[in-house]
There are 2 protein chains.
Amino acid sequence: MTDALEGKLATDRASKRKAEKRGRLLSAARKLFIQRGYHETRPQDIARAADVAHGTFYSHFHDKREIFMAFASEAQEDLHQFVVERIPKVESFEEYIYYALNAIQEFAEQNPGLLRSALVDTKVFDPSDSTGKVVRSKFAAGFIKILKMSRTNDELYDDIDPELMGHAMMGLIQSTAPQAYRMGKSREEFVQLLARFLIRAMVKSPKNL
Amino acid sequence: MTDALEGKLATDRASKRKAEKRGRLLSAARKLFIQRGYHETRPQDIARAADVAHGTFYSHFHDKREIFMAFASEAQEDLHQFVVERIPKVESFEEYIYYALNAIQEFAEQNPGLLRSALVDTKVFDPSDSTGKVVRSKFAAGFIKILKMSRTNDELYDDIDPELMGHAMMGLIQSTAPQAYRMGKSREEFVQLLARFLIRAMVKSPKNL
DNA sequence: TATTTTTCATGACAATTTGTCAATATCGTA
DNA sequence: TACGATATTGACAAATTGTCATGAAAAATA
């Protein structure tokens, strides 16, 4: 967490024991943030749910804001991992979109409430985080990468800015997924609608519709 | 606030005095939430900044969550108003998009930080608000309306679901606007990029590119 | 205007939450 | 087993959140 540049091995992977507690805290936090929301979740509650003394909470996280950031970060990491694992070698941007959307929806189904809670713009909690530490950006990076490649291949329109549109895709998915859920759309339908939308918007000569 | 169905005029628009304090509180809250964020803003701070006793805070809002919701709601209302005023009679969806995007960007410039803070998915603060009270939806309603009309006119692709895509547009704008700002894009450029994107995605036979 | 009634604001106080830290326990190693 | 390093604990102190009796201001009544 802090600078790991001390001694030799430094704390070298946080003495296991410590890491274990941290994991417990994060896991409890995840449950509570999703269930009760930020406001109604007290550091105490997290400690209790994690079965550690509440003093321990503060040796791992400075305050609630910090554990929330960690929570959001972790969720995003998980999603990223999940999606990456499910995308085979693809030949085109179009293919990629379908795989990615499917994976994201699957993840959302397996982790109800998680994306909704974790993919917020963390600026609200910590305005000083004006940098790019914005949580979503890490995941958006995946999109940005494929967008760049596809632009090089000349698959996409010239006015597509990979950087910008990577974020756009995140925002789109985030706002759309819960809504589709509320509207009772199936995963297939959701993926179709969004994929077509994105492909028309970005791909010069779509192969599938 | 409560049931206004008593006597005749009931309290009918909160006795002026009270409304005034409430306004002061909201205005102070807006400043602080943007400046310091949710976490670092205490109800006390809001009361102090609004120049009222801190007990007064609680007679207007139950807690911080509630005033945050009110803040978000108000900001959204303002944006909606602002945009509506700036959209003349339009002939096509395309035209609408350009006006709307321009207006939104102008609003964002005039109110730095506001959209970023206020357009969050309030589910994080209050998970029980699973309904459509989601803050963004009020504003999205504007998009949904024009989308419906345009679909009736057969301007849009058949697979465009106005309900879903209204929200999609919000998410897109929200995630994209701050990013464009960070990337140093001008308002004109931003509007162009996003407009083209949206038009290609939705309009069957675009007139302008 | 004087009197009564209602509504609101206030800040002292109580309750809860947050954060600190000296004492203690646990782990790895000699 | 003893030692040193590190992590955990919970009692305590600090800060915050929330309540409510009191009185001031506005509105209603006369």
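Each chain gets a letter, A, B and so on, in the order the sequences are listed, and its residues count up from 1.
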Side chain of A/Asp63: nearest nucleotide among D/dT9, C/dT10, C/dG19? C/dG19
Counting the atoms with a prime plus P, OP1 and OP2 as sugar-phosphate, which does B/Lys64 contact under 4.0 Å by heavy atoms, base, sugar-phosphate, or nothing? nothing
Any donor-acceptor pair, under 3.5 Å, between the side chain of A/His54 and the base of C/dG19, if you only look at N and O atoms? yes
Side chain of B/Tyr58, heavy atoms from C-beta onward: which of D/dT9, D/dT8, D/dT19 has the nearest atom to it? D/dT19
Heavy atoms from C-beta onward define the side chain here; which of D/dT8, D/dG18, D/dT17 lies closest to that of A/His60? D/dT8
A/Arg42 atom CZ is separated from D/dT17 atom P, nearest whole Å, by 10 Å
Could you state the CZ-P distance from B/Arg22 to C/dT7, rounded to the nearest angstrom? 18 Å
B/Phe57 has an atom CZ; how far is it from atom P of D/dT16, in whole Å? 14 Å
Want to settle it: does B/Pro43 or A/Ser59 sit nearer the 5' end of DNA chain D, counting the closest nucleotide to each? A/Ser59
A/Glu40 CD to C/dT18 P, straight-line distance once rounded to whole Å: 11 Å
What is the distance, rounded to the nearest whole Å, between atom CD of B/Gln44 and atom P of C/dA9? 17 Å
Do the side-chain N or O atoms of A/Thr56 get closer than 4.0 angstrom to the phosphate oxygens (OP1, OP2) of D/dT9? yes
Rounded to whole angstroms, how far apart are CZ on B/Arg17 and P on C/dT7? 11 Å
Side-chain (A/Asp45) to main-chain (A/Arg42) donor-acceptor, under 3.5 angstrom: yes
Taking CG from B/Asp51 and P from C/dA9, how many angstroms apart are they, rounded to a whole number? 14 Å
With no hydrogens and no angle check, is any side-chain donor or acceptor of B/Arg86 less than 3.5 Å from a backbone partner on B/Phe82? yes
Output yes when a side-chain donor or acceptor of B/Ser92 lies under 3.5 Å from a complementary backbone atom of B/Glu95, and no otherwise. yes
Spell out, as yes or no, whether a donor-acceptor pair under 3.5 Å connects the side chain of A/Thr176 to the backbone of A/Leu172. yes
Within 45° cone of A/Tyr157 ring axis and under 6.0 Å: B/Arg196 NZ or CZ: no
Nearest to side-chain heavy atoms of A/Ala53, which nucleotide of C/dA9, D/dT9, D/dT17: D/dT9
B/Asp45 CG to D/dG18 P, in whole Å, measures 13 Å
